[in-house]
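Below you'll find the structure, written out as structure tokens, and then a few comments.
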Amino acid sequence: MTAVPDHPRDPFGWNCVIAIGFFLACLVRLDTPASPFFDEVHYLPAARAVLELEWATNVEHPPLAKQIIALGIAIFGDEPLGWRIMSVVFGTLALFASMRAMWFASQTRAASLLTGLFVSTNFLLFVHARIAMLDGFMVAFLMLAAWMFAAALRENETARWRFAIAGVALGCAMAAKWNAIPLAVLPGLAFLAARWAAGRRRLVMSARGWPVGGMTLWEAAIWLGVVPLLVYAATYWPYLFWQVRSGDPGGLIGIHQQMLALQTQVPEAHPYQSQWWDWTINRRAIWYLYEVVDGAQRGVMLIGNPVTMLAGIVALGWCAWTGWLSRNGTNTGDGVGAVSWDRIAVAAVFVVSLALWIVAPKAVQFYFHYFLPAMALSAALALGVENLYLRGNRAVAWLIGLGALGCFAYWFPILTAAPLDDPQDFLKWAWTDGWR
């Protein structure tokens with residue numbers, strides 16, 4: 001007799017618990033410092049300009065993230081809570097959406113919950129969920145799109161409305177920060193490649209075949225191509241009310257020419273600048289804050305969780321290799337018979353998001369540009385640790401998971417601007433010259 005098929009239980013409830021815990025942790029000392037710090041000095045004036053609709057500032061970046069920060073200010077006031085609360089909300093969304101994306105991609109509870117563990121404690125998401133910067137909003141929208149796309153492929157009957165949400169999210173991600181563009185085109189290209197590989201005679205008009213039965217290629221192109229562009233363009237509505245500094249207020253083309261010029265200019269060297277190879281080995285930190293403020297010596301350090309970043313590189317290599325082997329049905333030694341699309345996806349997202357900074361004409365780069373690759377790396381580590389546990393290497397799996405959580409607990413004071421005892425206290429966390 002045929003065995004009853006395995007139907008793993010959806011970890012939705014536990015995903016909610018992890019997201020709520022992250023949200024509450026982000027609220028610790030959220031109003032500290034009480035004055036703008038690091039890049040808040042650029043984005044808060046831009047958000048206030050949105051509310052005033054008088055003069056555009058910070059025009060080198062798209063407007064949406066600054067509009068969302070402005071919404072927080074409008075609701076909670078022009079004070080620390082108002083500046084940063086929307087970052088907390090969207091950072092929590094990024095975490096929750098990443099767990100849901102992994103659930104639909106892998107259909108395993110462990111991978112989804114481990115994604116929550118490694119993403120919430122990788123330092124990059126937590127720090128950017130507590131500061132009025134653009135990156136957290138971009139990542140949140142991309143994770144939402146990933147969730148909707150993965151769920152649409154898993155549950156074809158929901159594909160139309162999920163693709164609609166994914167399209168809006170992709171447009172919002174690009175409208176938050178241009179770094180999202182290379183990843184925003186991936187869902188549409190993946191659909192095209194899958195439908196091409198399905199060998200349909202009418203490539204554009206056929207509604208049959210993988211990845212979504214009942215949807216034509218042209219319809220997918222609308223949801224994943226046209227809708228994102230329309231949403232992106234719509235976010236420029238404030239430019240109808242003000243003139244762009246040194247730009248052409250007459251249209252989007254002039255605005256984007258100015259934005260591109262500002263993005264590719266060569267600024268002065270910065271003491272915290274780094275290159276992509278520095279990021280992959282977790283070599284160069286950024287101190288968003290380290291000074292006497294609000295009555296005490298305080299600091300906010302941005303570096304990757306040492307356990308997650310280094311073990312994650314190994315996991316990424318494993319995902320890429322076993323995912324590649326699984327394409328042709330090769331036995332990868334873990335009992336997976338089907339193509340490991342979840343492993344292929346996280347490896348592809350990492351490569352594409354990191355490749356941007358290898359070829360980008362941006363002279364000065366920083367560790368926070370590793371935010372998107374680090375999200376993929378954290379997901380890869382979740383898949384790798386789950387595999388270690390299932391193959392009997394449970395001590396190693398527990399060591400990595402508890403190690404990442406322990407590092408997060410140890411770094412927590414320097415991630416949340418806790419009062420320090422001494423100006424030299426930073427040495428407790430700055431273990432190398434590159435972290436100082």
Side-chain angles (χ1 to χ4, degrees), residues 100-107 141-171 173-174 179-232 316 319-332 336-356 358-359 372-373 375-376 379-380 383:
R100 300 307 295 161
M102 180 58 78
W103 161 248
F104 284 107
S106 68
Q107 286 288 278
F141 286 121
L142 285 175
M143 293 301 103
L144 175 59
W147 169 15
M148 291 296 109
F149 186 74
L153 301 193
R154 184 69 64 178
E155 301 174 351
N156 285 184
E157 68 277 10
T158 67
R160 187 162 285 109
W161 66 265
R162 290 189 187 276
F163 271 21
I165 296 175
V168 172
L170 292 173
M174 294 187 293
N179 303 12
I181 293 175
L183 291 182
V185 302
L186 283 185
L189 292 178
F191 192 102
L192 171 62
R195 188 54 59 85
W196 187 287
R200 307 309 304 172
R201 288 188 300 107
R202 297 181 302 148
L203 177 64
V204 176
M205 300 302 297
S206 175
R208 296 181 178 180
W210 198 72
V212 176
M215 181 175 291
T216 61
L217 180 61
W218 70 262
E219 183 182 355
I222 292 175
W223 295 125
L224 303 177
V226 177
V227 168
L229 292 176
L230 292 177
V231 170
Y232 173 82
L316 268 168
C319 283
W321 177 244
T322 58
W324 176 263
L325 291 178
S326 73
R327 294 179 316 113
N328 300 317
T330 303
N331 185 357
T332 58
V336 176
V339 179
S340 301
W341 290 115
D342 49 358
R343 302 177 193 176
I344 294 172
V346 295
V349 169
F350 179 86
V351 170
V352 171
S353 56
L354 184 62
L356 167 67
I358 298 176
V359 302
L372 273 174
M375 294 292 288
L383 291 171

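Just so you know, residue 1 is the first one in the sequence shown, and it goes up from there.
- Considering every non-hydrogen atom in both M174 and A180, the closest pair reads N-CB, 4.0 Å.
- With values rounded to the nearest 0.5 angstrom, L224 atom CG is found 11.0 Å from L186 atom CG.
- Not a single donor-acceptor pair under 3.5 Å links the side chain of R100 to the backbone N or O of A150.
- Here R160 pairs with E219 under the salt bridge (charged side-chain N to carboxylate O under 4.0 Å, His left out) rule; sequence neighbours left out.
- In this structure, CH2 on W223 lies 9.5 Å from CH2 on W218, to the nearest 0.5 angstrom.
- The distance from atom CE of M148 to atom CH2 of W161, rounded to the nearest 0.5 Å, is 5.5 Å.
- Using bins of under 30°, 30° to 60° and over 60° for the plane-to-plane angle, the ring pair F149/F163 lands in the parallel bin.
- For N179 against L372, the heavy-atom pair with the smallest separation is O-CD1, 4.1 Å.
- Here CD1 of I165 is found 12.0 Å from CG of L170. Values are rounded to the nearest 0.5 Å.
- For G323 against R343, the heavy-atom pair with the smallest separation is CA-CB, 4.4 Å.
- When all heavy atoms are compared, the tightest approach of L217 to R195 is N-NH1, 4.0 Å.
- The shortest side-chain heavy-atom distance between L383 and M102 falls under the 4.5 Å cut-off.
- For the atom pair CG of N156 and CH2 of W210, the computed distance is 10.5 Å after rounding to the nearest 0.5 Å.
- The two atoms that bring A152 and T158 nearest to each other are CA-OG1, 4.4 Å, heavy atoms only.
- The two atoms that bring R154 and Q107 nearest to each other are CZ-CG, 3.3 Å, heavy atoms only.
- Rounded to the nearest 0.5 angstrom, I222 CD1 and L230 CG are separated by 10.0 Å.
- S326 contributes a side-chain N or O that, together with a main-chain N or O of S340, makes up a donor-acceptor pair within less than 3.5 Å.
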